[in-house]
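In what follows, a structure is listed as structure tokens, so that the remarks can point back to it.
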Amino acid sequence: NRVKFMLESINDLKNNRGRLIVMPTHIEQLQKILSSMSTQQKGSSETQPLQVSWKDLTSIETKGRWWRVGSSWIGKDLQKKPVAEINTMIDEKILKLAKLQRMNTEVRQALFCIIMTAEDYMDAFEKILRLQLQGKQEREIIFVILHCAIKEKVYNPYYEYLACQLCTSNHNFLFTFQFSFWDKFKSLSQMPINELSNLAILLAKMIGKNALSIGVLKVADLDSLPDPQSLVFFRIVFRTILNDFNEKEIINIFYRSHKLKEEIREFFIDKIKMFLKVGGVIDSK
């Protein structure tokens, strides 16, 4: 079955046996993309015209000429949305809900309102980037996403897509998510089962979609979990990975564990194997 296959694959990784499916490297993928782009450029003898709209022409006095080399253009600056301006544009009911959810700063309130009112995850992603948050404020993005995700009555994949998009766009988000999940691991015993389940599924989905490495679990003592809630949490994580991803995707999840140091990887893989056997994951198969 799939659990047996997963255990064998993990064992092969531990013993450095190359039985796994060969994964294409990033360099090969980039070479193909660049090659196709080069072919398209060679086959096109005409220069593509600039897409200057009527709106661009009528706003020359205020924005300038973006299509003329050396000319000034302030359109990009006009696209930026200050946090305070976002809050004044949002419906009062949404802002009140943000405060009820303990979004106690303008940044958190703005992020909450964007996420709750966006048309889809890409709309939310673009609006969040327009805030141009820096440093500590950037960490608030992950805080608000995780808070909203776990508070849903049933798991909502919207937050999963938004989180994965952020990690793909900037590695800083990847590390912030990782540290945020580690903080959540410390408080699993205090979380209601619904929030526990939502958080576990989100983590599993992000691991399965390569937004996070399975190395995010290395801080968890899987062979000696401190409380029943932690056992339930990690059981949901591994069951979600096994049930929602195919064999090739599961191989890729553990293939990326090679990035861990040799001694850490061997110990980590042993802990996962033990948890799969005694943690109640196999019972469902």
Side-chain angles (χ1 to χ4, degrees), residues 26 80-83 86-87 98 101-118 120-152 155-191 195-222 230 233-234 236-237 240-241 252-253 256-257 259-261 264 268:
H26 293 297
K80 294 165 60 177
K81 292 287 187 181
V83 170
I86 290 287
N87 288 349
Q101 290 296 317
R102 298 182 180 178
M103 301 295 155
N104 50 13
T105 66
E106 282 191 342
V107 172
R108 289 186 180 182
Q109 290 170 8
L111 289 166
F112 180 87
C113 293
I114 286 173
I115 292 170
M116 290 294 104
T117 59
D120 53 31
Y121 78 96
M122 281 304 299
D123 183 42
F125 170 73
E126 291 169 359
K127 288 178 179 177
I128 288 172
L129 291 189
R130 282 186 208 141
L131 293 178
Q132 296 193 344
L133 302 177
Q134 301 293 331
K136 292 182 179 180
Q137 286 186 327
E138 197 175 62
R139 300 173 198 167
E140 302 284 23
I141 300 172
I142 281 68
F143 172 85
V144 176
I145 290 174
L146 290 182
H147 178 86
C148 293
I150 67 176
K151 292 295 182 180
E152 293 281 352
Y155 179 75
N156 188 341
Y158 166 70
Y159 305 102
E160 162 199 330
Y161 287 111
L162 177 56
C164 290
Q165 182 64 34
L166 286 167
C167 290
T168 302
S169 69
N170 190 331
H171 271 226
N172 289 336
F173 290 121
L174 186 154
F175 293 115
T176 308
F177 265 111
Q178 180 169 285
F179 286 117
S180 297
F181 275 112
W182 287 352
D183 287 338
K184 292 292 185 184
F185 291 171
K186 298 174 186 177
S187 58
L188 292 176
S189 62
Q190 303 168 13
M191 295 176 65
E195 295 183 9
L196 199 76
S197 176
N198 285 339
L199 185 67
I201 297 172
L202 176 62
L203 176 58
K205 294 286 190 176
M206 292 183 70
I207 292 173
K209 293 185 174 182
N210 298 337
L212 291 175
S213 164
I214 198 167
V216 71
L217 303 180
K218 67 185 178 183
V219 299
D221 191 5
L222 294 176
S230 297
F233 176 83
F234 289 105
I236 294 172
V237 170
T240 302
I241 290 174
N252 189 40
I253 289 170
R256 288 182 290 121
S257 70
K259 294 180 181 179
L260 297 173
K261 291 182 179 179
I264 296 176
F268 178 54

Looking only at heavy atoms, what is the nearest atom pair of [X] and [Y], with distance?
X: R108; Y: R102; value: NH1-O, 4.3 Å
X: F112; Y: A98; value: CD2-CB, 3.3 Å
X: I150; Y: N198; value: O-ND2, 3.3 Å
X: I207; Y: S213; value: CG1-O, 4.1 Å
X: I253; Y: G208; value: CD1-CA, 3.7 Å
X: Q137; Y: V107; value: NE2-CG2, 3.4 Å

Kindly write out the residues that satisfy side chain to side chain donor-acceptor pair (under 3.5 Å) with [X], not counting sequence neighbours, or none if the list is empty.
X: Q178; answer: none
X: Q101; answer: H147
X: D123; answer: K127
X: Q165; answer: none

- Task: State which residues pass side chain to side chain contact (heavy atoms under 4.5 Å, CB included) with T168; sequence neighbours excluded, sorted by chain then number.
- Result: none
Mind checking the [atom1]-[atom2] spacing from [X] to [Y]? Nearest 0.5 Å is all I need.
X: E138; Y: F173; atom1: CD; atom2: CZ; value: 4.0 Å
X: I201; Y: F233; atom1: CD1; atom2: CZ; value: 10.0 Å
X: F125; Y: D120; atom1: CZ; atom2: CG; value: 12.0 Å
X: I128; Y: L162; atom1: CD1; atom2: CG; value: 5.0 Å
X: L212; Y: C164; atom1: CG; atom2: SG; value: 7.5 Å
X: N172; Y: Q134; atom1: CG; atom2: CD; value: 9.5 Å

- Query: Are I145 and L166 close enough, and set up right, to give a side-chain contact (heavy atoms from CB on, under 4.5 Å), and what steps lead you there?
  - Reply: CA-CA 11 Å; I145 290 174; L166 286 167; 3.3 Å; yes
- Scan side-chain atoms only and decide if Y158 and E152 contain a donor-acceptor pair under the 3.5 Å cut-off.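 Result is no, nothing qualifies.
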Side-chain contact, heavy-atom cut-off 4.5 Å: [X] with [Y]?
X: I141; Y: L131; value: no
X: L133; Y: L111; value: yes
X: F234; Y: L217; value: yes
X: L203; Y: T240; value: no
X: M191; Y: L199; value: yes
X: R130; Y: E126; value: yes
X: Y159; Y: I115; value: yes
X: M206; Y: C167; value: yes

Show every donor-acceptor pair shorter than 3.5 Å between a side-chain atom in residues 181-190 and any protein atom, with sequence neighbours excluded, or say none if there are none.
residue : atom : partner : partner atom : Å
W182    : NE1  : V216    : O            : 2.7
S187    : OG   : K184    : O            : 3.3

